[in-house]
There are 2 protein chains.
Amino acid sequence: MNQQAINILKTHQLSITVSRSSVLTLFLKSKKALSYTTIEHKFSDKFDRVTMYRTLTLFIEKGIIHTIPTSDNTTLYALCKNECTEGHHHDEHVHFICDDCGTTTCLSETNIPKIKLPKGYTAAEIQMVVKGVCERCI
Amino acid sequence: MNQQAINILKTHQLSITVSRSSVLTLFLKSKKALSYTTIEHKFSDKFDRVTMYRTLTLFIEKGIIHTIPTSDNTTLYALCKNECTEGHHHDEHVHFICDDCGTTTCLSETNIPKIKLPKGYTAAEIQMVVKGVCERCI
DNA sequence: GTAACTGCAAAATATTTGCATCCTT
DNA sequence: AAGGATGCAAATATTTTGCAGTTAC
């Protein structure tokens with residue numbers, strides 16, 4: 001089992017199981033956002049669909065991964081950065097979805113600019129998704 | 001039937017039917033984003049679920065409505081502004097989701113700021129969703 | 001050993017498709 | 001009248017729940 005994955009699980013006081021560390025390792029390796037279908041297919045021979053759902057739900061609750069909103073109504077999951085704590089996501093970077101290869105990347109270095117909201121509105125969380133062509137598909 | 005709804009349908013060369021104008025009227029009246037469930041419940045006694053799905057899909061194709069990405073994996077639909085044309089959405093404003101009342105509003109006056117992407121990335125479409133407290137829930 | 005995790009079966013929910021009928025143009 | 005739109009039935013896909021067996025600690 002991947003040591004980094006184990007550490008993350010320990011940090012969040014979760015028991016170390018094969019399915020959890022496998023899913024986490026996949027995220028750590030791929031370094032991009034993954035759809036539920038991708039994850040499920042990757043492990044369909046090893047774990048049950050239900051376990052996948054429960055694992056992902058748990059990771060979201062614990063602030064280990066977060067969902068990325070996409071306009072085409074698919075759910076994408078990506079690793080949170082360390083600042084995420086349980087129940088409160090700080091995900092202040094831009095997500096990029098490539099129209100060509102379909103890959104979603106967290107542009108960790110690209111911060112979301114501050115914006116001025118109309119009078120009366122208070123922001124708690126901002127998400128920004130850019131679609132276009134990524135560096136690998138130019 | 002609402003005349004404004006009829007005009008929109010005509011503009012997009014769609015035949016005028018009760019279900020289409022009803023759905024469109026709902027959007028015109030509510031002036032906020034609506035979930036599929038909301039729309040379906042509103043008309044469950046009048047139209048079939050299937051008709052709702054087909055109507056919404058058609059409106060999206062024609063550039064009449066667009067989907068709003070949300071982090072909690074629900075799909076929201078909102079009216080496009082006039083600049084939207086078939087197959088190509090220009091939806092360069094910010095969407096605001098109120099954590100209190102759950103309402104999603106299109107902040108038409110708040111434009112999405114230009115951002116600098118990493119080398120190699122080209123943007124075609126940008127979406128920005130802000131969560132927080134809206135003017136009605138302060 | 002015990003509490004938590006997993007797998008299986010099945011329920012509940014959401015979405016899509018085919019086809020006969022009805023409505024718009 | 002003709003083509004498109006709708007409703008119904010049913011197929012398919014997605015997500016959730018209950019419970020018994022298994023595993024981590």
Side-chain angles (χ1 to χ4, degrees), chain A residues 1-3 5-26 33-62 64-77 86, chain B residues 1-3 5-26 33-62 64-77 86:
Chain A
M1 283 200 262
N2 182 308
Q3 192 56 47
I6 292 176
N7 288 338
I8 293 174
L9 291 173
K10 278 185 183 165
T11 305
H12 292 274
Q13 296 165 44
L14 299 172
S15 40
I16 321 293
T17 69
V18 181
S19 58
R20 288 175 185 176
S21 88
S22 301
V23 173
L24 212 37
T25 303
L26 179 63
L34 303 167
S35 68
Y36 170 75
T37 317
T38 306
I39 300 167
E40 213 242 75
H41 277 70
K42 208 83 178 183
F43 297 117
S44 56
D45 52 336
K46 295 193 173 175
F47 314 113
D48 195 87
R49 258 196 316 284
V50 178
T51 303
M52 293 294 103
Y53 277 112
R54 291 197 267 228
T55 303
L56 292 170
T57 307
L58 179 73
F59 285 180
I60 290 169
E61 279 170 11
K62 293 292 176 179
I64 298 173
I65 61 174
H66 62 273
T67 57
I68 301 174
T70 67
S71 46
D72 65 347
N73 197 24
T74 56
T75 312
L76 291 172
Y77 304 90
E86 183 159 351
Chain B
M1 284 201 260
N2 180 309
Q3 191 56 47
I6 292 176
N7 288 339
I8 293 173
L9 291 173
K10 279 186 183 167
T11 304
H12 292 273
Q13 296 166 45
L14 299 173
S15 40
I16 320 292
T17 67
V18 181
S19 59
R20 287 176 183 175
S21 88
S22 301
V23 172
L24 212 37
T25 303
L26 179 63
L34 303 166
S35 68
Y36 169 76
T37 317
T38 306
I39 300 166
E40 213 242 76
H41 276 70
K42 208 84 179 183
F43 297 118
S44 57
D45 52 335
K46 293 192 175 180
F47 315 115
D48 195 86
R49 258 196 317 284
V50 178
T51 303
M52 292 295 104
Y53 277 112
R54 290 197 267 230
T55 303
L56 292 171
T57 306
L58 178 73
F59 284 0
I60 289 169
E61 279 171 12
K62 293 292 177 180
I64 298 173
I65 62 175
H66 62 274
T67 58
I68 301 174
T70 66
S71 46
D72 65 346
N73 196 24
T74 56
T75 312
L76 291 172
Y77 304 91
E86 183 158 352

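When reading the values below, keep in mind they use all heavy atoms of this one structure, side chains included, and skip hydrogens, waters and symmetry mates. A, B, ... follow the sequence lines: proteins, then strands. Residue 1 opens every chain.
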Quiz item: Start at the 5' end of DNA chain C and walk down; is the nucleotide closest to B/Leu14 or to B/Tyr36 reached first?
Solution: B/Tyr36
Quiz item: How many Å lie between CD1 on B/Ile60 and P on C/dT15, as a whole number?
Solution: 11 Å
Quiz item: Any side-chain N or O of A/Thr51 less than 4.0 Å from the OP1 or OP2 oxygen of C/dG7?
Solution: yes
Quiz item: Under 4.0 angstrom, heavy atoms only, what part of the nucleic acid is A/Lys10 near: base, sugar-phosphate, or nothing?
Solution: nothing
Quiz item: So what does A/Arg54 touch, heavy atoms closer than 4.0 Å: a base, only the sugar-phosphate, or nothing?
Solution: base
Quiz item: Contact class for A/Arg49 (heavy atom, under 4.0 Å): base, sugar-phosphate, or nothing?
Solution: base
Practice problem: Taking the side chain as every heavy atom from C-beta outward, state whether B/Ile65 and B/Leu56 have any pair of such atoms under 4.5 Å apart. | Solution: yes
Quiz item: Choosing from D/dC25, C/dG7, D/dT6, which nucleotide comes nearest the side chain of A/Asp48?
Solution: C/dG7
Quiz item: Atom CZ in A/Arg20, atom CD1 in A/Ile16: separation rounded to 0.5 Å?
Solution: 8.5 Å
Practice problem: Answer yes or no: does a side-chain N or O of B/Ser19 lie under 4.0 Å from OP1 or OP2 of D/dT6? | Solution: yes
Quiz item: For the pair made of CZ in B/Arg20 and P in C/dC23, what is the distance, rounded to whole Å?
Solution: 15 Å
Self-check item: Atom pair distance, as rounded to whole Å: CE in B/Met1 and P in C/dC23
Solution: 13 Å
Practice problem: Find the distance A/His12:NE2 to C/dA4:C1' and express it as a whole number of Å. | Solution: 19 Å
Quiz item: Taking atom CE of B/Met52 and atom OG of B/Ser22, what is their separation to the nearest 0.5 Å?
Solution: 7.5 Å
Self-check item: Between C/dC5 (P) and A/Leu58 (CG): distance, integer Å
Solution: 7 Å
Quiz item: With respect to the side chain of B/Val50, which nucleotide from C/dT6, D/dT6, C/dT17 is positioned closest?
Solution: C/dT17
Quiz item: To the nearest angstrom, how far is A/Leu56 atom CG from D/dT14 atom P?
Solution: 15 Å
Quiz prompt | Within-4.5 Å side-chain heavy-atom neighbours: B/Val18 and B/Lys46 | solution = no
Quiz prompt | Closest to side chain of A/Tyr53, choosing from C/dT25, D/dT15, C/dG7 | solution = D/dT15
Quiz prompt | Nearest-neighbour nucleotide for the A/Ile16 side chain, D/dC8, D/dT16, D/dA24 considered | solution = D/dA24
Practice problem: Kindly point out which of C/dT6, D/dT6, D/dA24 is positioned nearest to the side chain of B/Thr17? | Solution: D/dT6
Quiz item: Which whole-number value in Å describes the distance from A/Met52 CE to D/dT14 C1'?
Solution: 16 Å
Quiz item: Side chains of A/Tyr53 and A/Glu40: closer than 4.5 Å at any heavy-atom pair?
Solution: no
Self-check item: Distance in angstrom units between B/Gln13 CD and D/dG3 C1', rounded
Solution: 16 Å
